[in-house]
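Notes follow the structure.
All values below were derived from every heavy atom in this structure, side-chain atoms included, with hydrogens, water molecules and symmetry-related copies excluded.
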Amino acid sequence: MALAPEGDLARYLDYLRVQRRLAARTLTLYTDALLRLQQLAERDGVALRQLQAAQARRWLAATHGEGLGPRTLALLLSAWRGFYQWLGREGLVTQNPIAGLRAPKAAKPLPKALSADDAVQLADFKYDSGDARIEARDRCIVELLYGCGLRVAELVGLDAQASGTARGWVDQQSGEAQVLGKGGKRRSVPVGSAALAALQAWLALRPELARADEPALFVGARGARISDGQVRVALKQRALRAGMPSHVHPHMLRHSFASHLLQSSGDLRGVQELLGHAHIATTQVYTKLDYQHLAKVYDAAHPRAKKK
């Protein structure tokens, strides 16, 4: 690869640095992408101003074949496309050969979930923080996030009592949580015995922390409704103290709820209803998590899975 961009490429990078004032990191990435373009052109004896879409498509395919991932290819195309747009504005080309090219779609990463043992360990973990109220609150938060699969916004929206203005609440008698989900859709979610016990323990101490007129079920140290960010911080700290193997956030507990329930029941439609997903396709990602679990069991246990 050439040591430095030449000709039009060098002038374009000067334009990005001086007029567009791109950040140093972005400029470095664009320089690498344009150097690759220059190398391809030199290798095939193609003048960049005469590049045709078919040749650009072959270059993209060859670059993909070298093992570069979709994100890297998307960055290359972005830099190349911007270069030809600039050439067009300068009156140096009449068409952009990169305009119709698209990088292959990146596979969506599977949501991260805790193992069943880790989720239970996090819920059962006891820590003497010096404030029994906060400890009871945080344990109840974990139980509801994992035991009911709530979104963090649904959790912080819960009130201590049912009312006409409440976004959500927990009915202890029926063992159900009424929550307001995405799109303003309400749903009922079963609340297990462990979560109900944690809720009762928190409600016994809540009056010592909550303001007299605060309707929220979960409150912060100042007695007002807890925020999404406060839940994230509290959960992260609890997970670290409990020795969890990775960073734990509220949505990870929702993922854990879904994948563990699907592993046990195999009822995709039922899990969809409990999560409040509008479309079954959103829930189907958990079948991949379930397959990962089965694959690990197979690899560990089946004689034919072990390489000799």
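Below 30°, between 30° and 60°, or above 60°: for W59 and W80 the angle between ring planes is above 60°, a perpendicular geometry. Classification of the H251-H255 ring pair by plane angle, with boundaries at 30° and 60°, yields perpendicular.
Not a single donor-acceptor pair under 3.5 Å links the side chain of S78 to the backbone N or O of A74. Under a 3.5 Å cut-off, the side chain of Q52 and the backbone N or O of Q50 do form a donor-acceptor pair. Between the side chain of R137 and the backbone N or O of L209, no donor-acceptor pair lies under 3.5 Å. Side-chain atoms of E90 never come within 3.5 Å of backbone atoms of L92 as a donor-acceptor pair (strictly under, hydrogens ignored). Of the possible donor and acceptor atoms, one in the side chain of Q121 sits under 3.5 Å from a partner among the backbone N and O of A242.
Residues W169 and S163 fail the side-chain proximity criterion, which asks for heavy atoms closer than 4.5 Å. Proximity of Q178 to D171: side-chain heavy atoms (C-beta onward) are nowhere separated by under 4.5 Å. The shortest side-chain heavy-atom distance between L35 and Q39 does not fall under the 4.5 Å cut-off. Residues R254 and L150 are not in side-chain contact: their nearest non-hydrogen atoms beyond the backbone lie 4.5 Å or more apart. Side chains of K185 and L180 form no contact here, defined as non-hydrogen atoms less than 4.5 Å apart. Annotation: side chain of L73 is in contact with side chain of L76 (closest heavy-atom distance under 4.5 Å). The shortest side-chain heavy-atom distance between P250 and R232 falls under the 4.5 Å cut-off. Looking at heavy atoms from C-beta onward, K236 lies out of side-chain contact with H249 at the 4.5 angstrom threshold.
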**Asked** side chain to side chain contact (heavy atoms under 4.5 Å, CB included) between L217 and L203: does it pass, once the steps are laid out?
**Response** CA-CA 8 Å; L217 174 59; L203 287 175; 3.6 Å; yes
**Worked verdict on R238 versus Y127 for side chain to side chain contact (heavy atoms under 4.5 Å, CB included)** = CA-CA 8 Å; R238 183 180 181 87; Y127 173 70; 5.7 Å; no
**Request:** Using the side chain to side chain contact (heavy atoms under 4.5 Å, CB included) rule, take V170 and E176 through it: C-alpha gap first, then chi angles, then the decisive distance, then the call.
**Result:** CA-CA 6 Å; V170 178; E176 291 183 350; over 6 Å; no
**Request:** Go through the steps for Y84 and L37 under the test side chain to side chain contact (heavy atoms under 4.5 Å, CB included), then give the verdict.
**Result:** CA-CA 12 Å; Y84 279 98; L37 179 64; 4.3 Å; yes
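Rounding to the nearest 0.5 Å places CD of E135 at 11.5 Å from CH2 of W202. Separating the CG atom in L29 from the CG atom in L75 is a distance of 5.5 Å, to the nearest 0.5 Å. Note that CD of Q85 is 7.5 Å distant from CZ of R81, once rounded to the nearest 0.5 Å. Atoms CG and CG, from L51 and N96 in turn, are 9.0 Å apart once rounded to the nearest 0.5 Å. The line from CD1 of I98 to CG of L60 is 8.5 Å long, rounded to the nearest 0.5 Å. Rounded to the nearest 0.5 Å, atoms CG (L16) and CG (L34) are 7.5 Å apart.
Residues E143 and A198 approach most closely at CG-CB, 3.8 Å, considering heavy atoms. Looking at every heavy atom in both residues, C140 comes nearest to F218 through SG-CZ, 3.6 Å. Smallest separation of non-hydrogen atoms from A41 and L48: CB-CD2, 3.6 Å. Here the closest heavy-atom approach between residue R211 and residue R222 is recorded as NE-O, 3.3 Å. Considering every non-hydrogen atom in both E214 and A224, the closest pair reads OE1-CA, 3.6 Å. Annotation for C148 and V191: closest pair SG-CG2, 3.8 Å, computed over non-hydrogen atoms.
Within 6.0 Å of the CZ atom in R89, the count of heavy atoms belonging to other residues, nucleotides or ligands exceeds 12. Crowding of R20 atom CZ: a count of heavy atoms from other residues, nucleotides or ligands under 6.0 Å not exceeding 12.
In this structure, V156 is a member of the same hydrophobic cluster as L253, with clusters built from ILVMFWY side-chain heavy atoms closer than 4.5 Å. Linking ILVMFWY side-chain heavy atoms closer than 4.5 Å, directly or via other members, places V233 and V219 in two distinct hydrophobic clusters. I141 and V120 sit in two unconnected hydrophobic clusters of ILVMFWY residues. Membership requires side-chain heavy atoms under 4.5 Å apart, directly or through other members. Follow the hydrophobic side-chain contacts under 4.5 Å out from L205 and you never reach V231; the two are in separate clusters. F125 and L199 are assigned to two separate hydrophobic clusters, defined by single-linkage of ILVMFWY side chains at heavy-atom distances under 4.5 Å.
Using a cut-off of 4.0 Å between Lys/Arg side-chain N and Asp/Glu carboxylate O, R36 and E66 are scored as salt-bridged. Ion pairing of R133 with D138 is absent here, as no side-chain N (NZ or NE/NH1/NH2) approaches a carboxylate O to less than 4.0 Å. Salt bridge annotation for D124-R139: present, with a cationic side-chain nitrogen under 4.0 angstrom from a carboxylate oxygen. Look at R49 and D8 and you find a salt bridge, because one of the NZ, NE, NH1 or NH2 atoms lies within 4.0 Å of a carboxylate O, short of that distance.
Residue E154 forms a side-chain hydrogen bond (donor to acceptor under 3.5 Å, both in side chains) with just one option from K182, R187, R167, and that option is R187.
Y12 has its ring centre less than 6.0 Å from the ring centre of F83.
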